[in-house]
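We use all heavy atoms of the structure for the numbers below, so side chains are in, but hydrogens, waters and symmetry mates are not.
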Amino acid sequence: MQNDPPDPHISPDPPDQATTRPRSSFGQTLSAVLWGFLGVRKRHHFGRDATSLNPVHLIVMAVVMAAVLVVSLVMLVRFITR
């Protein structure tokens, strides 16, 4: 009886409100990355970001923003040294 498959007619219990994470928007992810570049973040915002940001989105956004920063600095140096 222990290895019986679950009954497909019985729906699983809905997740508790405490276990579901609210989804963050593009703007919230961008804001977290930009504040992270500056190195300043309030503890309240850090706690909110830690529970709502998707780690994959955060890493992708950080890599893209780092590339934008490097390209911007290279372009600025080329413009100044001309």
Enquirer: Is it possible for you to say whether Phe37 and Leu53 belong to one hydrophobic cluster, with membership spreading through side-chain heavy-atom contacts below 4.5 Å?
Expert: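 The answer is yes; both residues are in one hydrophobic cluster.
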Enquirer: Restricting to non-hydrogen atoms, name the atom on Leu34 and the atom on Met65 that form the minimum distance, rounded to 0.1 Å.
Expert: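 Scanning both residues completely, I find the closest heavy atoms to be CD2-CE, 3.6 Å.
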Enquirer: Do you reckon Phe26 sits in the same ILVMFWY cluster as Leu58, going by side-chain contacts under 4.5 Å, direct or chained?
Expert: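 Yes; tracing contacts between hydrophobic side chains, which count when under 4.5 Å, links both residues.
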Enquirer: On a heavy-atom basis, which atom in Met61 and which in Leu30 lie closest, and how many Å separate them?
Expert: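 The pair with the smallest heavy-atom distance is SD-CD1, 3.9 Å.
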Enquirer: Return the set of residues passing side-chain contact (heavy atoms from CB on, under 4.5 Å) with Phe79 (not counting sequence neighbours), or none when no residue passes.
Expert: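 Phe79 satisfies side-chain contact (heavy atoms from CB on, under 4.5 Å) with no residue once adjacent residues are dropped.
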Enquirer: Strictly distance-based, threshold 3.5 Å: is any side-chain N or O of Ser72 a donor or acceptor partner for the main-chain N or O of Val68?
Expert: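 Checked: pair present.
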Enquirer: How far apart are the closest heavy atoms of Ala62 and Val33, and which atoms are they?
Expert: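 Distance-wise, the nearest heavy atoms are CA-CG1, 3.9 Å.
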Enquirer: With rounding to the nearest 0.5 Å, note down the distance linking CG in Leu76 to OG1 in Thr81.
Expert: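 With rounding to 0.5 Å, CG (Leu76) is 9.5 Å from OG1 (Thr81).
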Enquirer: With Leu69, which residues qualify under side-chain contact (heavy atoms from CB on, under 4.5 Å), at least two apart?
Expert: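 With neighbours one apart ignored, the set is Leu73.
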